[in-house]
Asks: 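Sharing a structure, written as structure tokens. Questions coming.
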Amino acid sequence: MNPAAASPPGAKGPGKRVAVIPGDGIGVEVTREAVKVLQAAAPGRLELTEFDWGAERFLRDGTTLPAGAVEMLQRDFDAILFGAVGDPRVPSGRHAADILLGLRAQLDLYVNARPVELLDAALTPLRDRSPSDVNFIVLRENTEGLYCGVGGHFQRGTPHEVAVQEDVNTRRGVERIIRYAFEYARRRKLSRVCMADKSNALTYGHELWFRVFSEMRGEYPDIDSRHLYMDTLAMEMVRDPGQFQVIVTCNLFGDIASDLAAQLAGGLGLAPSGNIHPGRLSLFEPVHGSAPELAGENLANPVGSVLASAMMLDHLGWSAQAEALRHCVRAAIRAGKTTRDVGGNMGTREVGDWLAEAVTAHPVGS
Ligand code: NAD
Ligand code: IPM
Ligand code: MN
């Protein structure tokens, strides 16, 4: 990988240029393996540039997301591969918010796509469920809601302190993610879209979600559209996940629903995500965080990051290479070539090596 160096604009060529931001903790370890597998899938066709944004850098010189970073990424790269951020030495989470939430907001990555696919029946904690029962996607609004950072403290640190965090919902923001969900379903010939909110309690912000969804569903008569309150959705996802194909919800609920959903399919170690603005520079990462208690132990499962890389290849238009990655992940799970979190006894690096070899032995199109 090249060190972080400004590359001449317009030098994109036939290959693809990927900014790699490993971040903190296991983010660094899983990204290293994903890069290995990516290079095996598209030998010589990916130009990877690594950036050291994360806790170490923040503690060293106070940098979170450097000035001009967003413009540089938009100018010089085709995609971003992200690890995870979060470090116990930065209890405020300041760098994580600036880097990850900053990139989501400033790149206007309004779709957080979190597919949930049970790759082997043995991986689900649910009884008597097969892969066809757990196969849906959570589409999480990714730029507003309670993540806007609007709010403040009053009389902080006193017995009278007040903390306010505003839930910001704009018509444009709500419309575009709900429309994306309907269009996603149509494109993939899926028939069911479920929108989840708490409009019964959040009678302003989520009433807007309910109203926009009620208006828009009329434009998609071919799709069985359904509304659930978020608490009911959580229950239904566990009781009968097979009823869902596309779930769309707000930023915070999508965060929670996607961890729950990930566990239905074997856990956070396997779950990928794409932070997407259709047609623009987008960012791909595992759903999990930096898991400080696993960091440095060669225990983290790299599959979430490898599957996020497959989503990235799809976004770049390299669907055959993306499918090769997914094929090899399925083969690894079938063969028990996995880390401990999913019942295997291999390390992070060994799983990465196995996947890279399998991808090499299974060239695209074969
Ligand atoms: P986490 O996702 O890091 O870990 C939760 C649990 O899942 C842990 O028990 C961990 O052992 C397990 N786990 C996660 N990824 C795994 C993997 N690849 N292989 C095996 N097991 C795995 O969540 P947390 O512990 O709540 O948060 C730790 C830090 O990560 C916090 O600072 C948090 O803010 C941050 N975080 C960052 C992101 C991100 O960068 N996108 C996402 C979630 C959490
Ligand atoms: C995620 C994470 C982030 C979020 C944190 C680290 C701010 O949990 O990507 O799911 O809440 O979006
Ligand atoms: Mn999360």
Side-chain angles (χ1 to χ4, degrees), residues 21-34 53-55 58 64-65 80-105 109-114 116 123 125 138-149 165 249-263 265-276 283-309 329 333 338-352 355:
I21 308 172
D24 303 329
I26 66 166
V28 177
E29 294 166 64
V30 298
T31 304
R32 193 181 296 132
E33 301 314 313
W53 307 334
F58 175 63
T64 57
L65 189 63
I80 303 169
L81 180 65
F82 194 90
V85 276
D87 187 298
R89 294 170 299 167
V90 189
S92 68
R94 159 80 204 288
H95 73 294
D98 279 10
I99 298 169
L100 181 59
L101 302 184
L103 287 172
R104 287 177 183 168
L109 304 173
Y110 69 90
V111 180
N112 195 327
R114 297 186 155 182
V116 182
L123 294 174
V138 176
L139 297 173
R140 164 187 180 187
E141 201 293 320
N142 208 33
T143 51
E144 48 184 54
L146 278 156
Y147 281 69
C148 280
Q165 194 95 36
T249 189
C250 68
N251 207 337
L252 181 65
F253 293 171
D255 178 45
I256 299 166
S258 56
D259 268 33
L260 171 58
Q263 193 57 50
L268 278 175
L270 301 173
S273 75
N275 298 258
I276 296 167
L283 179 155
F284 299 83
E285 56 169 343
V287 172
H288 66 73
S290 57
E293 81 284 5
L294 295 183
E297 305 284 344
N298 195 38
L299 290 173
N301 192 338
V303 167
S305 186
V306 171
L307 292 175
S309 304
V329 164
I333 288 174
T338 59
T339 44
R340 288 188 206 172
D341 54 305
V342 283
N345 59 10
M346 289 168 79
T348 312
R349 273 191 301 278
E350 290 68 35
V351 172
L355 288 170

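Just so you know, ligand 1 is whichever comes first in the structure, and atom 1 is the first atom listed for that ligand. Position 1 is the first residue of the sequence; numbering continues from there. Small disclaimer: the values here were computed from a predicted structure and weren't measured.
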Asks: Taking Glu141 for the side chain and Thr143 for the main chain, is one N or O donor matched with an acceptor at less than 3.5 Å?
Replies: yes
Asks: List every atom of ligand 2 that sits less than 4.0 Å from any heavy atom of Arg104, numbering the atoms from 1 in the order shown and giving each element.
Replies: 1 (C), 4 (C), 9 (O), 12 (O)
Asks: Do any N or O atoms from the side chain of Asn251 and from the backbone of Glu144 form a donor-acceptor pair under 3.5 angstrom?
Replies: yes
Asks: Which ligand 1 atoms does Leu100 reach within 4.0 Å, using its non-hydrogen atoms?
Replies: 39 (C), 40 (O), 41 (N)
Asks: Are Asp341 and His288 side-chain neighbours, meaning at least one heavy-atom pair lies under 4.5 Å?
Replies: no
Asks: Can you check whether a protein heavy atom sits less than 4.0 angstrom from atom 1 (C) of ligand 2?
Replies: yes
Asks: Residue-level breakdown please: for Ile26 versus ligand 1, do any non-hydrogen atoms fall below 4.0 Å on the side chain, on the backbone, on both, or on neither?
Replies: side chain
Asks: Which ligand 1 atoms does Val287 reach within 4.0 Å, using its non-hydrogen atoms?
Replies: 42 (C)
Asks: Okay, side chain of Arg104, backbone of Leu109: is any donor-acceptor separation there less than 3.5 Å?
Replies: no
Asks: Among all protein heavy atoms, pick the one closest to atom 5 (C) of ligand 2 and tell me residue, atom and distance.
Replies: Leu100 CD2, 4.8 Å
Asks: Do protein heavy atoms approach atom 7 (O) of ligand 1 to less than 4.0 Å?
Replies: yes
Asks: Applying a heavy-atom cut-off of 4.0 Å, say which part of Asp341 lies close to ligand 1: side chain, backbone, both or neither.
Replies: side chain
Asks: Would you please determine whether Asp24 falls within less than 4.0 Å of ligand 1 on a heavy-atom basis?
Replies: no
Asks: Run the numbers for me: atoms of ligand 1, each under 4.0 Å from some heavy atom of Ala291, listed by number.
Replies: 3 (O), 10 (C), 28 (C)
Asks: Quick check: does any side chain N or O of Asp24 sit under 3.5 Å from a backbone N or O of Ala55, one acting as donor and the other as acceptor?
Replies: yes
Asks: Give a yes/no verdict on whether any heavy atom in His288 is under 4.0 Å from an atom of ligand 2.
Replies: no
Asks: What atom name does the N, O or S atom of Asp255 nearest to the Mn ion (ligand 3) carry?
Replies: OD1
Asks: Heavy-atom contact check, 4.0 Å cutoff: does Glu293 meet ligand 1?
Replies: yes
Asks: If you compare all heavy atoms of Pro302 against all heavy atoms of Val30, which two are closest, and at what distance to 0.1 Å?
Replies: CA-CG1, 3.7 Å
Asks: Would you mind telling me if ligand 1 is within reach of the side chain of Leu294, the backbone, both or neither, using heavy atoms under 4.0 Å?
Replies: side chain
Asks: What atoms in ligand 1 come closer than 4.0 Å to a heavy atom of Ala300?
Replies: 19 (N)
Asks: Check for me whether Pro292 has a heavy atom closer than 4.0 Å to any atom of ligand 1.
Replies: yes
Asks: Is it the side chain (CB and beyond), the backbone, both or neither of Ala96 that lies under 4.0 Å from ligand 1, heavy atoms counted?
Replies: neither
Asks: Taking distance alone, with no angle check, do Gly86 and ligand 1 share an N/O pair under 3.5 Å?
Replies: no
Asks: Say whether Gly289, considering both its backbone and side-chain N or O atoms, lies within less than 3.5 Å of an N or O atom on ligand 1.
Replies: yes
Asks: Return yes or no for this condition: an N or O of Gly269 is under 3.5 Å from an N or O of ligand 1.
Replies: no
Asks: What are the atoms of ligand 2, with element, lying closer than 4.0 Å to any heavy atom of Arg114?
Replies: 1 (C), 9 (O), 10 (O)
Asks: Looking at atom 8 (O) of ligand 2, what's its closest protein heavy atom, distance included?
Replies: Asp255 OD1, 3.2 Å
Asks: So, the side chain of Ser290 versus the backbone of Gly27: is there a donor-acceptor pair under 3.5 Å, distance only?
Replies: no
Asks: Relative to the heavy atoms of Glu285, which atoms of ligand 1 are at a distance of less than 4.0 Å?
Replies: 41 (N)
Asks: Can you tell which part of Leu299 has a heavy atom less than 4.0 Å from ligand 1: side chain, backbone, both or neither?
Replies: neither
Asks: Which atoms form the tightest heavy-atom contact between Glu29 and Asn298, and what is the distance?
Replies: OE1-N, 3.4 Å
Asks: Give me the residue, atom name and distance of the protein heavy atom closest to atom 14 (C) of ligand 1.
Replies: His288 CB, 3.6 Å
Asks: Judged by non-hydrogen atoms, does Ser290 sit under 4.0 Å from ligand 1?
Replies: yes
Asks: With heavy atoms of Ala84 as the reference, note each atom of ligand 1 found under 4.0 Å away.
Replies: 40 (O)
